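Keep in mind the model is a prediction, meaning the values are calculated, not measured.
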Amino acid sequence: MPEMPEVETVRRSLIAQVKGRKITHVEIRYPDLITGDVDQFVEFVTGATISDVGRRAKFLLIHLDNGYTIISHLRMEGKYRISADPSAIDKHSHAIFTLDNGQKMIYNDVRKFGRMQLWNTDELSENKSLKKLGPEPLSTEFTFQNLKPRIMRHHKDIKTVLLDQSVMSGLGNIYVDEVLWQVKLHPETPANHLSDEDIQKIIEASNQEMDKGIAAGGSSIRTYVDATGHKGNMQNNLKVYGKEGTPCPRCGTEIVKIKVGGRGTHFCPKCQVVK
DNA sequence: CCTATTCCCTGAAGGC
DNA sequence: TGCCTTCAGGGAATAG
């Protein structure tokens, strides 16, 4: 499932292949993929040149030279693939962008959870989805001063709060479990029970996990690959996610899996304590 | 303002 | 060519 490091890896693999390319044709096979008017999306994207590919948290930002940006969220299974091979297109290909070099930028999404929308590049900060995002790791806004009040005003469990993209953005279910293991916090600890030191540790661990994830090219837990079809390696560095029944790398206690806020949650019942 | 719940989707896996 | 249930889950919408 693409979280910030995976989306960043996609961004990098995409930019290397499509920056400067003109989109000569657009085909939307699954209209619900597009938030807003599909015909307008096709009209404005066709003929535009991809000037850059950016990212905000888990949102990809495909900037066009005509003043518009495609805001693309991969959700669970969305993936881009650049290929001139017709066999790269299948029943799960929901958007096909033909490029001026004969390649196609194909958006695939088995679960159809991903969404795209077109927005004025100059007004991205006013977009409803982007506007509500909290600070993301590795950014200058990701500071103790900014994060403490955002976290502490909640009395829900810390796992749910860290997954809330309006509190802080970029982390998903995998990396949240990893961060909480790193800082030795039980995922069901009420957020407002955290100490300043806990907050500081969460910030540092989030930065570190995102750094490691990006360096590893993301985590290929299920089907994740980047826009060149390559898997990441971060799944080999995970300590708790998907490790239920195996020994905690720190204390040897068996990792357990529970549900927190409806999400599968992995943690060490001995060294991650409730506060 | 806040929290909790439902919905969107399909394929893999497991039980019988 | 087995059928059915459960699970994976980010974010938007809705309910209370």
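Between the C1' atom of C/dG10 and the CG atom of A/L130 lies a distance of 15 Å, rounded to the nearest Å. Rounding to whole angstrom units, CD1 of residue A/I174 and C1' of C/dG10 are separated by 12 Å. Spacing between atom CG of A/N108 and atom C1' of B/dG11 amounts to 15 Å, rounded to whole angstrom units. In this entry the distance linking CG of A/L163 with P of C/dA8 reads 14 Å, nearest Å. Note: CG (A/D164) to P (B/dA4) measures 12 Å, nearest angstrom. At whole-Å resolution of the value, CG in A/N173 and P in C/dG11 are 11 Å apart. Across the protein-nucleic acid pair, A/R111 atom CZ and C/dA12 atom P stand 17 Å apart, rounded to whole Å. Protein atom CE of A/M116 is 16 Å distant from nucleotide atom C1' of C/dG11, rounded to whole Å.
The side chain of A/K257 sits closest to C/dA8 out of B/dC2, C/dA8, B/dT10. Of all nucleotides listed (B/dG11, B/dC2, B/dT3), B/dG11 comes nearest to the side chain of A/K91. Closest contact between the side chain of A/R115 and the listed nucleotides B/dC8, C/dG10, C/dA8 involves B/dC8. Of the candidate nucleotides C/dG10, B/dG11, B/dC9, B/dC9 has the atom nearest to the side chain of A/D32. Closest to the A/F59 side chain, of the nucleotides B/dT3, C/dA12, C/dA13, is C/dA12. Distances from the side chain of A/K58 to the nucleotides C/dA13, B/dC2, C/dG11 place C/dG11 closest.
Residue A/G262 is classed as having no contact, given no heavy-atom separation below 4.0 Å to the nucleic acid. Within 4.0 Å (heavy atoms only), A/Y241 reaches sugar-phosphate atoms of the nucleic acid but no base atom. A/D109 comes within 4.0 angstrom of nothing in the nucleic acid, heavy atoms only.
Because its NZ or CZ atom is not both nearer than 6.0 Å to the ring centre of A/Y107 and within 45° of the ring axis, A/K79 does not count as a cation-pi partner of that residue.
Along DNA chain B, the nucleotide nearest to A/R75 and the one nearest to A/H155 differ in position, and the one closer to the 5' end is contacted by A/H155.
Close to C/dG10, at under 4.0 Å from its OP1 or OP2, lies no side-chain N or O of A/H73. Proximity of A/S129 to the phosphate of C/dG11: no side-chain N or O atom is located under 4.0 Å from OP1 or OP2. Taking 4.0 angstrom as the limit, A/K132 places none of its side-chain polar atoms (N or O) nearer than this to OP1 or OP2 of C/dG10. Not one side-chain nitrogen or oxygen of A/H92 sits closer than 4.0 Å to the OP1 or OP2 atom of B/dT10. Regarding contacts with the backbone of C/dG11, a side-chain N or O of A/Q165 is found under 4.0 angstrom from either OP1 or OP2. At B/dT10, one or more side-chain N or O atoms of A/K112 fall inside 4.0 Å of OP1 or OP2 (strictly under the cut-off). Close to B/dA4, at under 4.0 Å from its OP1 or OP2, lies no side-chain N or O of A/K156. Taking 4.0 angstrom as the limit, A/R153 places a side-chain polar atom (N or O) nearer than this to OP1 or OP2 of B/dC2.
Side-chain contact between A/T35 and A/L118 is absent, with no heavy atoms from C-beta onward closer than 4.5 Å.
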Inset, instruction - For the pair A/N108 and A/H94, evaluate side chain to side chain contact (heavy atoms under 4.5 Å, CB included) and give the outcome as yes or no after the intermediate values. - result: CA-CA 6 Å; A/N108 277 276; A/H94 306 312; over 6 Å; no
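In summary, the side chains of A/Q182 and A/Q208 do not present any donor paired with an acceptor at a separation below 3.5 Å, with no hydrogens or angles considered.
Heavy-atom neighbours of A/H25 NE2 from other residues, nucleotides or ligands within 6.0 Å: at or below the threshold of 12.
The base of C/dG10 is paired with the side chain of A/R263 by a donor and an acceptor separated by under 3.5 Å.
Note on A/F142: it clusters hydrophobically with A/M4, by side-chain heavy-atom contacts below 4.5 Å among ILVMFWY residues.
Using modelled atom types, no side-chain atom of A/Q117 and backbone atom of A/S72 make a donor-acceptor pair closer than 3.5 Å.
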